[in-house]
Amino acid sequence: MNHESVLFDVRDGVAWIGFNRPESRNAMTWEMYDALERHCERLAMDSEVHAVVLHGVGGEAFVAGTDITQFAGFSEPDDALDYERRIERIVGKLETLGKPTIAMIEGACVGGGAALAMVCDFRYCTPTLKFGVPIARTLGNTLSTTNVSRLVDMLGVARTKEVLMLGRLLEAEEMRQAGLVNGICTPERLAEEVAEVAAELGRRAPLTLQASKALVGRVQAQRRLALEAGDDWVATCYMSDDFKAAVDRFVNKTSFEWTGR
């Protein structure tokens with residue numbers, strides 16, 4: 001364990017990375033993001049590991065977004081832009097990691113958690129899965145263009161608009177029918193199923209796995225706008241009165257109404 005909130009273990013050639021803040025539904029702190037980045041860098045160089053599994057601890061959530069209390073100090077547009085770039089750098093390292101990655105999902109997989117799960121190669125979940133980015137209901141901020149493009153790749157335009165504009169959370173069976181999760185398992189069976197898939201990947205041709213992942217990534221990259229293409233809206237939303245009020249509501253349990261400012 002390199003950080004108390006991020007667990008790391010290697011068993012039978014499979015690295016297991018656990019997000020370990022169950023009291024906060026595994027909401028990600030800056031330190032947790034940094035720990036994940038370090039693990040990705042380490043794993044990229046580790047020839048003994050053939051697959052990586054990401055999971056939440058506690059059974060209630062995979063990751064319930066970024067810890068909202070950390071936004072209380074945002075006061076300048078660069079705070080928002082730097083945050084989006086930081087998250088994109090870390091999510092991008094997971095996305096381009098030259099090993100198969102599996103998201104093992106129980107419960108909430110929202111916001112930053114959805115971003116992490118989206119860039120994994122495979123997703124297995126329990127029936128309690130709730131997947132989405134409900135920021136239109138909670139914070140009033142926005143995603144980067146890169147993460148919007150990932151949602152469009154996975155969900156299509158119409159469902160992406162439902163997720164972002166209505167704040168809909170997609171459930172396990174809907175995700176399965178849309179091909180967005182590879183399997184739904186009981187909580188008792190989930191870890192065993194994921195371990196079996198990880199072991200199966202270890203019996204496949206390594207160069208074919210690497211090439212397949214890299215080439216799919218190149219196809220996706222050709223369709224994406226540059227991260228900077230959304231800077232105007234990132235700055236507008238994060239610097240708005242609505243965003244500040246929404247963060248204050250979370251931190252101090254105050255009430256507010258959306259104003260559009």
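Given the structure is predicted, the values throughout are model-derived calculations rather than measurements.
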Taking C-beta and beyond as the side chain, do [X] and [Y] meet within less than 4.5 Å on heavy atoms?
X	Y	value
Cys109	Val63	no
Phe19	Leu116	yes
Lys99	Leu209	no
Leu143	Leu164	yes
Phe131	Val163	no
Thr126	Cys185	no
Glu4	Asn20	no
Val57	Glu106	no

Side chain to side chain contact (heavy atoms under 4.5 Å, CB included), paired with Lys130, selected from Glu171, Arg168, Met175
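That would be Glu171; it is the only one of Glu171, Arg168, Met175 passing the side chain to side chain contact (heavy atoms under 4.5 Å, CB included) with Lys130.
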Side chain to side chain contact (heavy atoms under 4.5 Å, CB included) assessment of Ile102 paired with Leu201:
CA-CA 11 Å; Ile102 305 171; Leu201 288 164; 4.2 Å; yes
Starting from [Y], can I reach [X] by hopping between I/L/V/M/F/W/Y residues whose side chains sit under 4.5 Å apart?
X	Y	value
Val53	Val6	no
Met165	Leu169	no
Met118	Ile135	yes
Met32	Leu97	yes
Trp258	Ile68	no

One pair to check against salt bridge (Lys or Arg N to Asp or Glu O under 4.0 Å): Glu162 and Arg159. What are the steps and the verdict?
CA-CA 5 Å; Glu162 287 186 359; Arg159 195 178 272 115; 5.3 Å; no
Within a 6.0 Å radius of atom [atom1] on [X], are there more than 12 heavy atoms belonging to other residues, nucleotides or ligands?
X	atom1	value
Asp12	CG	no
Glu48	CD	no
Glu37	CD	yes

Interatomic distance, [X] atom [atom1] to [Y] atom [atom2] [nearest 0.5 angstrom]:
X	Y	atom1	atom2	value
Ile87	Ser144	CD1	OG	10.0 Å
Thr128	Leu190	OG1	CG	9.0 Å
Lys244	Leu139	NZ	CG	13.0 Å
Leu94	Ile17	CG	CD1	7.5 Å
Asp82	Arg89	CG	CZ	10.0 Å
Glu174	Leu129	CD	CG	10.0 Å

I would like to know whether Tyr238 and Glu84 meet side chain to side chain contact (heavy atoms under 4.5 Å, CB included); could you show each step before the answer?
CA-CA 11 Å; Tyr238 278 90; Glu84 289 294 340; 2.8 Å; yes
Minimum heavy-atom distance [X]-[Y], with the two atoms named:
X	Y	answer
Ala195	Trp16	CB-CZ2, 4.1 Å
Glu228	Arg85	CG-NH2, 3.2 Å
Gly112	Tyr33	CA-OH, 4.0 Å
Pro134	Val110	CD-CB, 4.1 Å
Arg249	Thr138	NH2-O, 3.1 Å
Arg25	Ala108	NH1-CB, 3.6 Å

Would you say Thr259 and Asp241 are linked by a side-chain donor-acceptor pair, where the criterion is simply a distance under 3.5 Å?
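No donor-acceptor contact under 3.5 Å links the two side chains.
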Do you see a donor-acceptor pair shorter than 3.5 Å between the side chains of Thr101 and Asp121?
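Side-chain D/A pair, Thr101 to Asp121: present.
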Pair [X] + [Y], salt bridge at N-O below 4.0 Å:
X	Y	answer
Glu41	Arg38	no
Asp67	Arg21	yes
Arg203	Glu200	no

Taking [X] for its side chain and [Y] for its backbone only, find out whether a donor-acceptor pair lies under 3.5 Å.
X	Y	value
Lys213	Gly98	no
His55	Met104	no
Ser24	Asn26	no
Asp153	Gln220	no
Asn182	Arg123	yes
Thr236	Trp233	no
His39	Leu7	no
Lys253	Asp248	no

Yes or no on ring-ring contact (aromatic ring centres under 6.0 Å, His included) for Phe71 and Phe243, after CA distance, side-chain angles and deciding distance?
CA-CA 9 Å; Phe71 294 133; Phe243 180 74; 5.7 Å; yes
Can Trp30 and Thr66 be said to form a side chain to side chain contact (heavy atoms under 4.5 Å, CB included), step by step?
CA-CA 8 Å; Trp30 304 148; Thr66 298; 3.8 Å; yes
Taking only residues two or more places apart in sequence, or in another chain, which ones meet Ala15 in a side-chain contact (heavy atoms from CB on, under 4.5 Å)?
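By the side-chain contact (heavy atoms from CB on, under 4.5 Å) rule, Ala15 matches Phe8, Val10, Leu43, Val49, Val52.
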Working for side chain to side chain contact (heavy atoms under 4.5 Å, CB included), residues Leu215 and Arg218:
CA-CA 5 Å; Leu215 293 173; Arg218 290 179 189 177; 3.9 Å; yes
Under the salt bridge (Lys or Arg N to Asp or Glu O under 4.0 Å) test against Glu88, which residue among Arg150, Arg224, Lys93 passes?
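Of the listed residues Arg150, Arg224, Lys93, the salt bridge (Lys or Arg N to Asp or Glu O under 4.0 Å) partner of Glu88 is Arg150.
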